[in-house]
Trainee: 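Take this structure first; my questions come after.
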There are 2 protein chains.
Amino acid sequence: MHLTKWLNQVGNTEISIENAEQKILTAARNVFIRKGFAGARMQEIADEAGINKALLHYYFRSKEKLFEVIFKESFGKLLPELADIFQQPGSVFEKIERFTEAYISIVMEHPFIPVFVLSEIHRNPDEFFDTYIRPELAGNIQIIAQQFAVAAQQGIIRPIDPRQLIMNVMSLCVFPFVARPMLQRMLHVNDAAFMQLLQERKTAVSQFIIQAIKP
Amino acid sequence: MHLTKWLNQVGNTEISIENAEQKILTAARNVFIRKGFAGARMQEIADEAGINKALLHYYFRSKEKLFEVIFKESFGKLLPELADIFQQPGSVFEKIERFTEAYISIVMEHPFIPVFVLSEIHRNPDEFFDTYIRPELAGNIQIIAQQFAVAAQQGIIRPIDPRQLIMNVMSLCVFPFVARPMLQRMLHVNDAAFMQLLQERKTAVSQFIIQAIKP
DNA sequence: GTCTATAGTTAGATAGAC
DNA sequence: GTCTATCTAACTATAGAC
């Protein structure tokens, strides 16, 4: 853990005395979420952090580097943890339960990840995929598809194209985070109520999927 | 139908003689999809259209106007058609079938819509929602939620929070289109194979949902 | 480390010839 | 309608004082 971050912690509770570096990171996260990478302005990040624009470059050299730091610090934890789940022993039902709960839990703490991933994958599909996704994923998707296919063949789950099932699991986990601003307005729920809905999704999604695929 | 478009058609097959306006629209769609609104460059659109940058402004005055034209021409058709489905008579199962098939069919023809909607809803949530979504949606979401709630109460479907069910239906329909560049790489499928998967989703999604919610 | 001032670049938009 | 050339504004990034 970084020294300044450690100094700013009392027990497990971070207190609000943030140095410039932390203020920049927090502000940048918010602006990148609101505007995307191309739409974000260094000036706006500086304003929101309450510091000068030149300091951004002093700490992070460039907009691109700043983005990378923010992205890697949180995305770096997500994929390895998720990939691991399908390597562990257990039934497909247990794995789906663990995966959906883990995904929603982690992303609730870093809700900007899915938006970043989707905007980056459109900006530069091949480089992004090869840099961030493929190394962590390796042959995992094939393994998962294989596990689904075998389960279907053995009658443990209903017949279903494994690729459709993979898309369904991902859709149900990811979509609420990327569509949140629209969903909240459509469903008339405030921030607290939406967090509550996400909380309930940790189990609701896996129940939904399991009902759908069990014979 | 616009005169130039009519002239460019033979029967139902559009031929490739496009005037500048059409070339610009086609190019702009592609660039806006790849780069988003903020990341798109008028120069890049001009290059891809094979015409000069000044001509963009001659036809569409500004980048913002150009985007609006492209967006409205296709998005304008989508929501009314979908909203109508839950007004028509039929069981919840029939409505879900009609909705998912209609959504996937229409969006397969205009695959950029979901990406546009998501980027716009993040850029300017309130204005976008009030301009494009709310007028078409009105109280429809409440009505749908009500229909789901009643069906659950009557035991026609399993007990489920109607808002979760709405999110699930939307997730399964929309996500594959916004995550397409990543999904194709993860699943190792080319464009043709992915279109085939989407084609199969027209029925696969509603089957999946109905299995999940039927008692 | 933090600021002001400014350099250097690029993008959207327009003027004007043809 | 279409082009070349240019204006103007905005942005990233750096230089240099404190």
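We use all heavy atoms of the structure for the numbers below, so side chains are in, but hydrogens, waters and symmetry mates are not. Naming convention: chains lettered A, B, ... in sequence-line order (proteins, then strands); numbering from 1 in each chain.
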Trainee: Flag this pair as yes if the NZ/CZ of B:R180 is under 6.0 angstrom from the six-membered ring centre of B:F194 and inside a 45 degree cone about the axis; otherwise no.
Mentor: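 Not flagged: B:R180 not positioned over aromatic ring of B:F194.
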Trainee: I need the OH-P distance between B:Y58 and C:dA13, as an integer number of Å.
Mentor: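 Rounding to the nearest Å, OH of B:Y58 and P of C:dA13 are 17 Å apart.
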Trainee: If you find the nucleotide of DNA chain D closest to A:R41 and the one closest to A:N52, which residue's nucleotide is nearer the 5' end?
Mentor: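 Result of the comparison: A:R41.
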Trainee: Would you kindly give the CG-to-C1' distance between A:L56 and C:dC3, to the nearest whole Å?
Mentor: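 Checked: the CG to C1' distance equals 13 Å.
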Trainee: In whole angstrom, give the distance that lies between atom CD1 of A:I45 and atom C1' of D:dA13.
Mentor: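 A:I45 atom CD1 is separated from D:dA13 atom C1' by 14 Å.
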Trainee: Taking the side chain of A:K63 as its heavy atoms from C-beta onward, which of D:dT12, D:dT2, C:dG12 lies nearest to it?
Mentor: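 Of D:dT12, D:dT2, C:dG12, D:dT12 is nearest to the side chain of A:K63.
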Trainee: I need the CZ-C1' distance between B:F67 and C:dG12, as an integer number of Å.
Mentor: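 In whole Å, C:dG12 C1' and B:F67 CZ are 17 Å from each other.
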Trainee: What is the separation between atom CD on A:Q22 and atom P on C:dG1, rounded to the nearest whole Å?
Mentor: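 Whole-Å distance recorded here is 13 Å.
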Trainee: Roughly how many Å is it from CD in B:E44 to C1' in C:dG12, rounded to a whole number?
Mentor: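 In whole Å, C:dG12 C1' and B:E44 CD are 15 Å from each other.
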Trainee: Would a 4.5 Å heavy-atom cut-off, applied to side chains only, mark A:Q88 and A:E94 as touching?
Mentor: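 No, every pair of side-chain atoms sits at 4.5 Å or beyond.
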Trainee: Below 6.0 angstrom between ring centroids: does that apply to A:F128 and A:F71?
Mentor: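 They qualify: ring centres under 6.0 Å apart.
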Trainee: Would you mind classifying the nucleic acid contact of B:A40 as base, sugar-phosphate or nothing, using non-hydrogen atoms under 4.0 angstrom?
Mentor: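 Touches sugar-phosphate only.
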Trainee: Both A:A54 and B:G50 contact DNA chain D. Which one's nearest nucleotide lies toward the 5' end?
Mentor: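 The residue whose closest nucleotide sits nearer the 5' end is B:G50.
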Trainee: Under 4.0 Å, heavy atoms only, any strand: does A:Y59 hit a base, just the sugar-phosphate, or nothing?
Mentor: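 Sugar-phosphate: the residue A:Y59, judged by heavy atoms under 4.0 Å, touches backbone atoms but no base.
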Trainee: Once you round it to whole Å, what is the distance between C1' of D:dT6 and NZ of B:K53?
Mentor: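 Between C1' of D:dT6 and NZ of B:K53: 10 Å.
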Trainee: Answer yes or no: is there a donor N or O on one side and an acceptor on the other, between the side chain of A:E48 and the main chain of A:N30, under 3.5 Å?
Mentor: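 Not at all, since once roles are kept as given, no pair shorter than 3.5 Å links the two residues.
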Trainee: Classify the ring geometry between A:F32 and A:F67 as parallel (under 30°), tilted (30 to 60°) or perpendicular (over 60°).
Mentor: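 The rings of A:F32 and A:F67 stand perpendicular, inter-plane angle above 60°.
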Trainee: Check this one for me: any side-chain N or O of A:H57 less than 4.0 Å away from OP1 or OP2 of D:dT14?
Mentor: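 Looking at the OP1 and OP2 atoms of D:dT14, neither is under 4.0 Å from any side-chain N or O of A:H57.
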Trainee: Measure from the side-chain heavy atoms of A:L55 and tell me the nearest of D:dT12, C:dG12, C:dG1.
Mentor: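 Output: C:dG1.
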Trainee: Take atom CG of B:D47 and atom P of D:dT4, then tell me their distance rounded to the nearest Å.
Mentor: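 Whole-Å distance recorded here is 12 Å.
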